[in-house]
Structure formats: C-alpha cells, structure tokens
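Reviewing the structure listed below.
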Amino acid sequence: MSILAVMEQRGGAWNRMSSETLAAAQQLARELNQPASAAVLGRGLEGLAGELASRQLEKVFAVEHELLQDYTPDAYTKALQQLITQVKPWLVLFPHTYQVRDFLPKLATSLNRAAVTDVIAHRAAGGELILVRQLFQGKVNADIRFSGEPPYLASLQAGAYRADQVAAGSAAVERFAPRIDASDIRTRPLELFRESQRTVDLGSAEIIVSVGRGIQEAANIPLVEKLAQALGGELAASRPICDAGWLPMERQVGSSGQTVSPKLYVAVGISGAIQHLVGMKGSRTIVAVNKDANAPIFEIADYGIVGDLFQVVPELIEAVQKAK
Amino acid sequence: MKIFACIKQVPARDSQLRIASSGQWIEEADLTYEINEPDAYSLEEALQLKEKSGGEVVVLCAGPARAAQTIREALAKGADRAIHIEEAALLDPLATARLLAAAARSEAPDLILTGLQSDDMGNGQTGVILAELLGLPHASIVMQVEKKDNGIRVKRELEDGWFQHVEMPLPALLTIQSGINKLRYATLMGIKKARSKEIRRVTAAELGMAASAASIVMDKIYLPERTKRTQLFEGNPKEAAAQLVEKLKFEARVI
Ligand SMILES: Cc1cc2nc3c(=O)[nH]c(=O)nc-3n(C[C@H](O)[C@H](O)[C@H](O)COP(=O)(O)OP(=O)(O)OC[C@H]3O[C@@H](n4cnc5c(N)ncnc54)[C@H](O)[C@@H]3O)c2cc1C
Ligand SMILES: Nc1ncnc2c1ncn2[C@@H]1O[C@H](COP(=O)(O)O)[C@@H](O)[C@H]1O
C-alpha cells in the first residue's frame with residue numbers, strides 16, 4: 001500500500017501545483033501510515049527526478065519515453081496505466097491542472113474506475129479516507145468515499161494543500177520505461193502560443209474593481225467603471241463578462257485570465273468560483289458586493305456588502321468621492 | 001457530419017440552494033432548471049459546424065422527465081432530433097458516461113461535443129470518459145474547431161492565457177469551453193418546428209445497461225462552513241457604503 005503523487009512538468013519546469021500534490025501525498029502518507037512516492041513523466045528527466053530525490057519519499061519514478069516529450073492524452077494514459085498496474089499504489093494524487101483534466105478521466109476509465117476530481121480537503125480516520133469536493137461552483141460541499149478495490153485516483157484543487165509543507169528527505173530514483181508505440185497516439189499537439197499582446201497590465205494595478213454576471217447586461221457596465229474611476233483603479237471582469245464580449249478578454253481575472261494581487265480588489269456581482277478566486281486571492285484587501293449572503297466570494301472577502309449592486313454601487317461611488 | 005451534442009439539465013444559476021433532509025442532494029421542489037452553461041456553447045458549436053459542412057445535430061441527454069424541456073429548447077435552436085435517456089440524476093460520471101456511450105455507439109457519430117464541466121456536479125469528467133469508452137481520440141477545454149480534409153484542428157485553452165492547436169482524425173470527441181462562440185436565441189419558427197422533431201426516449205434497461213457498482217460514493221452534502229471572518233454590512237445601502245469606505249480608509253488604509 002502506498003500513495004503516489006503524479007507531478008506535472010512542461011519543458012523541464014514544474015507546474016506550481018505539483019508541489020501542493022507532493023505535500024498532500026506526504027501528509028496523507030503520515031495520517032494513513034503508508035509510504036509516499038512520486039512520479040514524473042517526460043523525456044530527459046534526470047534534473048527533475050534528482051530534485052525529487054531530496055524529498056521525503058520512498059521512491060521517485062522517472063517515467064521516460066521519447067513519446068512523452070510532448071503531452072498527449074494517449075501516451076500519458078498508456079504510461080501511467082502501466083506504472084499504476086506495476087506499482088499498485090493504494091491512492092494516486094494529481095494536481096487539478098488543465099492537463100490532468102485532459103487525461104485523468106481517461107486513465108481512470110482505462111482502469112475501470114471513476115476518479116474524484118478537484119478535491120479541496122480530506123479526512124482520514126481509521127484507514128478510511130473521505131474526500132471533500134465542491135458542487136454548484138463552490139456553493140455546496142460533498143463528502144466522497146471510494147468503494148471497491150484500489151487504486152483510487154483523485155485530483156487536488158489549486159491552493160487546497162500548501163506547497164511550503166513539502167518535507168525534505170531522500171528517495172531512490174527508479175527509471176520506468178513504459179511501452180508506447182507511435183501508433184497509440186491519435187492526436188497531434190502543435191506549438192503553444194499566446195494571443196496578441198496585452199494592452200492593459202492588471203498585474204501592476206494597485207486597485208482593481210471587477211465586475212461579474214450580476215451586472216446583467218453590457219449597458220450596465222459603465223456603473224462599475226465609474227466606481228473604478230472614483231477609486232483610481234482598473235476595471236476587470238469575471239470570465240462570463242469577457243465570454244459575452246462585454247469587456248475584452250485581457251481584462252479577465254482568473255485561471256484562464258490574469259493573476260492579480262492589488263492592494264484593493266472589489267468584486268461586484270461575482271459569485272467566487274474557484275477559477276476566479278485563484279486569479280485574485282493574493283489581493284491584500286478584498287471587498288465583495290453581492291446580493292447573496294451565501295456567495296462563496298464572501299469566504300475570502302475581508303469586507304462585504306450584502307445587497308443589490310444597482311443600489312449599492314451608486315452609494316459607494318458617492319461615499320468614495322466624499323472620502324477623497 | 002453526424003454531430004452529437006451532449007447536454008445536461010442543471011438548476012438555474014441564481015437558484016437559492018437548500019440541502020434536502022436526506023442530506024444526499026439539494027431540495028429540488030422549488031427549483032427551475034436550464035441547460036448547463038458550457039453545453040449551450042457546445043450545442044451552438046455543433047449547429048455552426050453543421051451549417052458550414054452539412055449533416056445532422058443530435059442532442060443526447062440523460063436526465064429525469066423534466067429534462068424534456070431543455071431538450072425541446074435545444075431542438076428549437078436548430079438541433080435535428082434528440083435522444084433522451086430517462087433516468088434520475090446520476091452522481092457518478094463513469095455511470096453517466098456509460099449510459100451516454102450505450103446510446104451513442106450504435107449511431108456512430110463523426111463528432112461528439114460535450115461541455116467541459118457541469119455547473120452542478122462540476123466533475124469535468126463525463127466527456128473524456130465517454131471518449132475512452134467509445135475508443136475515440138479527444139481534446140478538452142476547446143475554444144475553436146476547424147474541419148480539415150482529414151479530420152479536425154482544434155484550439156485548446158491552457159492556463160494563464162496560453163493556447164495550443166491539436167489535430168486529430170474523426171470520429172472524435174471534444175469538450176467545449178464557454179465563450180467559444182456567440183449563442184443564438186431560438187426563433188419563433190424554430191420553436192414551432194421543434195414540436196414535430198423526434199425525441200427518442202430510452203431507459204437504461206432498454207440500452208442494456210444494468211446498474212453497476214459505483215467506484216465513488218457521495219456520503220452527504222452540506223453548506224460549507226465559513227472559516228473567514230468577513231466584516232459584512234447589510235441593510236440600508238447608503239449606510240453600508242459609508243461604513244465600508246470608512247473601513248477602507250482608516251482600517252485597511254487602501255484608499
Ligand atoms: C477551466 C475553467 C476556467 C475558467 N476560468 C475562469 C477565469 O479565468 N475567470 C473567471 O472569472 N471564471 C473562470 N471560469 C468560470 C467560473 O467557473 C465561473 O463560471 C465564473 O467565474 C462565474 O462568473 P460570475 O461570478 O461573474 O457569475 P455567476 O457565477 O453567475 O455569479 C453572479 C453573481 O452575481 C450575484 N448577483 C446577481 N445579481 C446581483 C445584483 N443585482 N446585485 C448584487 N449581486 C448580484 C449573484 O448572487 C452571483 O453570486 C472558468 C471555468 C472553467 C471550468
Ligand atoms: N446527464 C447527462 N446527460 C448528457 N450529458 C451530460 C450529462 N452529464 C454530463 N454530461 C456532459 O458532460 C459534461 C461534463 O459533465 P461533468 O463531468 O459532470 O462535469 C457536461 O458539460 C455535459 O456535456
């Protein structure tokens with residue numbers, strides 16, 4: 001019985017969330033009295049595997065193959081299926097990244113199981129493991145249990161475990177050579193790219209006022225823009241506002257937009273889905289205006305006004321102007 | 001091209017959620033329902049692909065009887081016909097995908113589109129599982145689809161503003177991200193036409209699917225506990241605004 005953390009790297013650099021997964025694996029290993037190991041996939045892994053060798057782990061699996069150079073769901077699934085079948089871990093943990101979203105359900109299915117995705121916490125007692133995940137975009141929590149035979153598979157939400165808790169130690173590196181054939185890979189990945197240059201740099205803004213779907217329609221956006229102006233800040237938005245074309249994509253905050261950490265972030269009519277929170281939770285002071293007192297945004301806000309933004313925002317603009 | 005669009009009916013976005021006394025699910029009695037948001041975009045993408053390269057759009061939905069309303073709305077937007085697997089909500093994405101696979105297999109679609117994630121369960125799994133069950137290549141979190149002579153080329157969204165193009169042969173499955181296109185409204189004509197479009201109703205048993213043991217079990221659901229002490233101002237907006245600005249100026253010192 002063991003716990004295996006599957007790390008994510010691209011071009012020799014770790015995905016930040018990998019360390020959180022490693023920390024979680026070590027913590028669970030202590031609580032469940034099992035050894036923890038880690039695996040990394042790719043080509044030319046000496047450096048990365050070497051780094052992992054100085055962590056408190058039983059083993060480091062360097063899963064090497066030339067067909068793992070560029071990520072494809074087919075090759076990753078093949079490789080991990082073989083590793084899991086050989087190593088027989090009790091629990092396999094992944095960071096809930098875009099890449100893991102792309103292959104973990106496939107991998108689990110190939111093992112005739114369902115994975116538990118986007119886990120935010122766990123409870124381990126008497127060898128039993130309960131995982132907590134969010135439903136309804138963070139408005140409800142659910143306790144989930146695995147049933148049937150291991151291996152059990154789960155991915156962990158960004159920020160759910162702390163990367164700085166990774167324990168140092170030493171581990172033996174074991175090379176694992178999966179059998180993958182070029183004909184197994186049906187998709188052809190091309191170069192990564194970014195869209196045109198950004199003209200607004202929200203990252204350096206000191207004050208950001210961000211608008212969400214509570215604004216109802218494009219014609220109402222100037223109301224929030226006025227608040228941004230009164231505060232001397234930049235206007236930003238949640239994803240649905242940019243999806244609808246009400247504001248340009250470059251003003252989107254969140255996992256698929258910009259990451260910001262101003263000294264003041266005002267979220268107006270934003271519910272606080274995790275994909276939005278990861279982009280702004282580093283802000284020094286967070287203010288939320290929302291009509292729903294149970295909106296998840298209040299979970300991370302320092303100050304909040306529960307009310308109708310169409311009544312609150314005009315009053316806020318006036319109060320800010322008076323205070324200046 | 002025969003395109004399948006998998007759509008799920010979920011509680012309307014602004015619903016006030018209450019936990020049912022069983023502690024197993026939410027109180028459903030007073031809820032209104034709508035199409036899962038990413039599924040609206042994937043349906044739209046299916047309709048646009050059909051308009052460009054011809055073929056047929058088939059809506060596939062597993063859900064209780066009330067899901068028929070959401071299916072009708074999809075037909076009114078322009079889908080040609082629908083398959084409704086009439087089963088109460090399934091909580092396990094593998095079980096759901098098995099049902100969808102059983103219905104899709106005999107139809108041999110060229111392309112299957114799903115949303116990337118459901119607003120209620122949020123598993124983000126059903127599409128990718130379905131691809132694996134049907135032995136199809138897939139790409140997830142797709143923001144653009146182009147038909148090529150020998151397959152498709154898609155644009156995948158990655159983290160932090162990065163994208164990647166991926167090519168693959170057909171048949172294939174794509175999970176679609178919100179914002180990929182501009183949604184259309186159903187026209188009056190569309191709504192009228194939808195009334196005579198075919199909705200084939202099947203049950204899990206008719207699809208030859210016996211309930212199999214779930215590999216994950218949801219013990220209970222509950223409202224999350226507040227861990228952070230937020231200073232909340234409620235009531236009169238004018239007073240709340242004044243109090244907040246006072247705090248921002250003298251306590252947080254950010255303005
Ligand atoms: C892979 C992936 C990536 C994503 N990336 C991002 C991202 O980068 N950024 C992002 O923001 N989202 C992202 N999302 C989407 C995210 O999951 C949420 O759907 C989105 O953040 C919700 O936006 P919202 O809060 O504006 O809308 P909603 O969730 O609809 O919330 C609207 C809020 O407004 C409130 N409201 C309504 N009317 C009023 C009123 N009159 N007065 C006051 N309050 C009111 C409601 O109570 C509600 O809380 C991503 C999702 C996925 C799956
Ligand atoms: N019951 C269902 N019927 C049809 N499609 C579904 C159903 N459940 C999930 N899906 C599809 O799978 C996607 C991902 O759902 P989930 O794995 O629950 O996040 C959704 O966006 C739908 O396109």
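Naming: A, B, ... by sequence-line order, numbering from 1 per chain.
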**OP:** Tell me, for B:A139 versus chain A, whether the close heavy atoms (under 4.5 Å) come from the side chain, the backbone, both or neither.
**Re:** backbone
Original post:
Of the backbone (N, CA, C, O) and the side chain (C-beta and beyond), which part of B:D119 lies under 4.5 Å from a heavy atom of chain A, both, or neither?
Top reply: both
Subject >> Portion of B:I216 that has a non-hydrogen atom of chain A nearer than 4.5 angstrom >> reply: both
Original post:
Between B:V245 and chain A, which part of the residue has a heavy atom less than 4.5 Å away: side chain, backbone, both or neither?
Top reply: side chain
Original post:
Is it the side chain or the backbone of A:E318 that comes within 4.5 Å of chain B heavy atoms, both, or neither?
Top reply: side chain
Original post:
Is the side chain of A:R133 donor-acceptor paired with the backbone N or O of B:G122 at a distance under 3.5 Å, no angle test?
Top reply: yes
**OP:** Examine whether an atom of B:I129 lies under 4.5 Å from a heavy atom of chain A, and if so say whether it belongs to the side chain, the backbone or both; otherwise answer neither.
**Re:** both
**OP:** Check A:G304 against B:T230 and note the closest heavy-atom contact, atom names and distance.
**Re:** N-CG2, 3.9 Å
Original post:
Is B:E159 salt-bridged to A:R194, cutoff N-O under 4.0 Å?
Top reply: no
**OP:** Can you see which heavy atom on B:L248 is nearest to which on A:Y303, and at what distance?
**Re:** CD2-CD1, 3.9 Å
Subject >> Contacting region of B:D14 [heavy-atom separation from chain A under 4.5 Å] >> reply: side chain
Original post:
How about A:R101 and B:Q117: does a side-chain donor come under 3.5 Å of a side-chain acceptor?
Top reply: yes
**OP:** Under 4.5 Å heavy-atom distance to chain A, tell me which part of B:L232 shows up: side chain, backbone, both or neither.
**Re:** both
Original post:
What closest approach, in Å, do B:R13 and A:K139 show between heavy atoms, and which atom pair accounts for it?
Top reply: O-NZ, 3.7 Å
**OP:** Grab the two heavy atoms, one from A:T187 and one from B:H138, that are nearest each other, plus how far apart they are.
**Re:** CG2-O, 3.7 Å
**OP:** Please report the shortest heavy-atom distance between B:V217 and A:S147, naming the atom on each side.
**Re:** CG2-CB, 3.9 Å
**OP:** Quick one: closest heavy-atom pair of A:G138 and B:P224, and the distance?
**Re:** O-CG, 3.9 Å
